[in-house]
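Residue numbers run from 1 in the order of the sequence given.
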Amino acid sequence: MDHDSTDHPKPPRKARRGSQPDLPPQDLTAADIDPATSAAEEDDEARLPEAPEEPAEAIAEGPLAVGHTAIENAVRLAPTSPGVYRMLNASSDVLYVGKAKNVRKRLSSYARVNAPLPARILRMIAATVTVEIVSTTTETEALLLEANLIKQLRPRFNVQLRDDKSFPYILITGDHWAPQILKHRGAQTRPGRYFGPFASAGAVNRTITALQRAFLIRSCTDGFFESRTRPCLLYQIRRCSGPCTREIDFPGYSELVREANDFLSGRSHAVKQLLAGEMEKASTELEFETAALYRDRLAALSAIQSQQGINPRTVEEADVFAIHQEGGYYCVEVFFFRTGQNWGNRAYFPRAEKSFTPEEVLASFLAQFYDDKPPPKLILLSHDIEECQLLADALCVKAGYKVEVSVPKRGEKKELVTHALTNAREALGRKLADTATQSRLLESIAATLGLPQVPKRIEVYDNSHIQGTNAVGAMIVAGPDGFIKNQYRKFNIKSEGLTPGDDYAMMREVLERRFKRLLKPPEGDAAKAKADDDSFPQWPDLVIIDGGRGQLNAVREIFGGLGLTQVSLMAVAKGPDRDAGRETLFMPDREAIKLEPRDPVLYFIQRLRDEAHRFVIGSHRKLRKKDIREAGLQEIPGIGPSRKRALLHHFGTLKEIERASIADLGKVPGVSAESARKIFEFFHAQAG
C-alpha cells in the first residue's frame, strides 16, 4: 500500500568540487536502513510452538463446580449487550478472552453443568474463579477490543499470534530536494511516500538494490550527501545518478524519482514502455552508451518482477491467507499483493490447542494480525470463517475505507489461495522436519551429558573485551526449534574497579544480573507479563559457558551463592591450538568428556558456542564503535589536532577513516607509514 507523506523539499544547493576519493557511502552488501529503523534484523520465520496435549484424565468434580459457580455469579450481572469477557484463575492470570453480541447469553452457555463441551473448555471452566466484563457499543468494537487484549495478555486458552513484528516498507523521502530511497520500519512520520508492506527485510533489500539500478536514486544519508565533493562508488557502478555533485540536474533527478514512484504505484508497464522508447531513440541517434544505460535499467526492472514470482492480472491490492493443520500444529501462510505485484509471503505458526478447527484459528489470527497494521481493500481466505462479515465491518471501522473479506471459489483469486495453501503445507512440513531433528539432538545431548531431563531451554554465555575496555557479556538461547533470537540478551559490564581482562568477575556480574532478576518474583501487571510461556520456559535447563574447569568452578560458586541447584552446568574448553572438533566438556563432579570429532552432539555444542561468540563479538563492536565515534580521533596515540584535521579533510567523515586501508591512510599529508598503521590497528583491533 502506498502512503504519501510529502512536505515541500529544500531547494538545491550549489555544487562543491574537490579531490575527495571515490569511496562508497556504506557497505554495498548492507541494507539501506532508515535511522529510525532497528538495526538488527531477526529471522522472519516464527518458531514452532509446542503443541499442548489434551489430558486423558477426567476433570475433578470439585474444581469444575467452582468454575460453574463463578460463571453463574457473573451471568447475574452480565449485560445483554455486546462486550468482552475475561476469565481469570486464582492467581488473577487471564485464562481466556472472548467477545459476544450478548454477553449474558454467551456466559450462560459455559454455566450449564451437563452441557457437552470440549475438554479444553472444561479445563478452562475448572480453572476459572473470576469473570471480568467490559461492555462495548457494538459487536464490531468488541471484536477489535478482543484482538487487542489477546495480543496484550496472551491468554492460555486463546489462539495466539506469535512473532508479529512490524513489516518493512520502502520509503522514498520527501524532505530533501534529492529524495532518498531506503527501508523503513515503525511509525510513518517522516515525509515521503511509503510502499508496502513487504513480507521480509530480504524482499525489501533486493527490491531497493534493483530499484537503484533501474532509477539511479541515492540511498546515502542526508549528512553524507551534503559532505560530498565528488561522486561515491555507487555512482561509478551505476547505482546512483550522482545528484550530490550535480552529475544530474534537479529536473533530471526529479524525473527519475517520478518514474520510481510510478513503478512502485503499479504503473510498471508505462515506465518500461517509456524506458524502451528512450533506448530506441538513443540507439537511433548512435548514442550507444546512453542506450546501454537504458537497457540496464530495463533489465533491473525485469529482475524485480521475475523475483516476485506469481503476479496477479486482475488483483490490484490484496492479502491472501491460507491455513494448514498437521500433527497438532497450524501454519498460516500470508501473501502480500500491492499495485498488482507480489511483495512477498511469510509463514506464521500460531499457538493453539488441537481441539481448535482451522477456521477458528484463522478467524482469531486475522483479528490479531490487523490489530496494529492497516488492512488492504481485499482479503482472500482459504477457509470460510464464522462472522466473516463482522470481521470485514471491524476492519472497515479501523481503516476508514471498505474492506472485503471473501473465500474465492473460482478464477485467478482461487488460484492465488491455492498457491498460498500449497506454501502453507510445505512450510509446516519443513518446520516439523526441522523440529524433529532438533528434538533428536536435544535427546542426544541429555543422554551424553547425563541430564535429568531433555532440555527445553539452553542458555550459552560469553564475554568480549579489548584489554578490559568496552567489556560486554552476552546470552544466547536455544530450544526445540533452534536458536530463539528474541530471547538473546547482552549485558554491558558496569562493575567499578573491575580488573581489566578479569573474565571471572565479568561472568559473575552477567550471571548475577540474569538470575537475580529471574529469582525476584514479579508483582502486579509484571507478573502476568513475565509468566512462563507454556511453549517455552524462562528458566534454563542447561547453562553452557566458554572455558575450562576453572570457569566451571567459578560459575558453580556463583550459582551456589544464588541458591540455584536445579540448573545443569557445562563448560566447553577449546582443543589444542583452538582446533574445532577437539573440545573438552566439563561438568561438576564428573570426569572431563571427550567426544568423537564427528559426533552430532559435538557439532551441536560447537554451533551453540560459535553462535554465542558471534553475538557477543557483534555486541562488543557496536559498543566500541559508539565510543570511538563519540571520542573521535583523540584516543589514537600520536594523532594530534593537525593530523586529525588532515584526515577529516581527506576522507570527509570518521566512518570513512575507519574503512580506509593502510595504503589509503598513508596518502594523507602528514601521516607517516607508522602512523597509518597505528590508525588502522586502532579501528581494527581484535576483541577477546
From [X] atom [atom1] to [Y] atom [atom2], the distance as rounded to the nearest 0.5 Å:
X      : Y      : atom1 : atom2 : answer
Lys485 : Glu611 : NZ    : CD    : 5.5 Å
Glu412 : His419 : CD    : NE2   : 12.0 Å
Gln389 : Ser406 : CD    : OG    : 11.0 Å
Arg218 : His176 : CZ    : NE2   : 5.0 Å
Leu362 : Cys388 : CG    : SG    : 9.5 Å
Lys409 : Lys414 : NZ    : NZ    : 6.5 Å

Mind checking what makes side-chain hydrogen bond (donor to acceptor under 3.5 Å, both in side chains) contact with [X], not counting sequence neighbours?
X      : value
Asp371 : none
Glu404 : none
Glu333 : Asn345
Asp610 : none

- Is the distance between the ring centroids of Phe369 and Phe321 less than 6.0 Å? yes
For [X], give me all partners under side chain to side chain contact (heavy atoms under 4.5 Å, CB included), at least two apart in sequence or on another chain.
X      : result
Ala363 : Ile385
Val397 : Thr140
Ser241 : Leu216, Pro243, Ile248, Tyr253, Leu256
Ser254 : Phe250

Is there side-chain contact between [X] and [Y], with at least one heavy-atom pair below 4.5 Å?
X      : Y      : answer
Arg239 : Thr209 : yes
Lys377 : Tyr401 : yes
Val204 : Arg185 : no
Pro375 : Asp319 : no
Asn205 : Lys183 : yes
Tyr370 : Pro376 : yes
Asn423 : Phe335 : yes
Asp393 : Thr138 : no

Any side-chain to backbone donor/acceptor pair from [X] onto [Y]? Under 3.5 Å, distance only.
X      : Y      : value
Ser382 : Ile323 : yes
Glu247 : Cys240 : no
Asn261 : Val257 : yes

What pairs with [X] under salt bridge (charged side-chain N to carboxylate O under 4.0 Å, His left out), at least two apart in sequence or on another chain?
X      : result
Glu141 : none
Arg489 : none
Glu426 : none
Glu255 : Arg258

- Check step by step if side chain to side chain contact (heavy atoms under 4.5 Å, CB included) holds for Ile217 and Leu211. CA-CA 8 Å; Ile217 301 177; Leu211 287 172; over 6 Å; no
- Give a yes or no on this: more than 12 heavy atoms of other residues, nucleotides or ligands lie within 6.0 Å of atom CZ of Arg425. yes
Looking only at heavy atoms, which two atoms of [X] and [Y] are closest? And how far apart?
X      : Y      : answer
Phe225 : Cys220 : CB-SG, 4.0 Å
Ala474 : Phe615 : CB-CD2, 3.6 Å
Asp222 : Gln180 : OD1-OE1, 4.1 Å
Cys331 : Ala427 : SG-CB, 4.0 Å
Pro191 : Leu171 : O-CD1, 4.4 Å
Val407 : Leu381 : CG1-O, 3.4 Å

- Stepwise side chain to side chain contact (heavy atoms under 4.5 Å, CB included) test for Leu378 and Phe337: CA-CA 10 Å; Leu378 176 63; Phe337 296 97; over 6 Å; no
- Run the salt-bridge test on Asp262 and Arg193 with the 4.0 Å N-O cut-off and return the result as yes or no. no
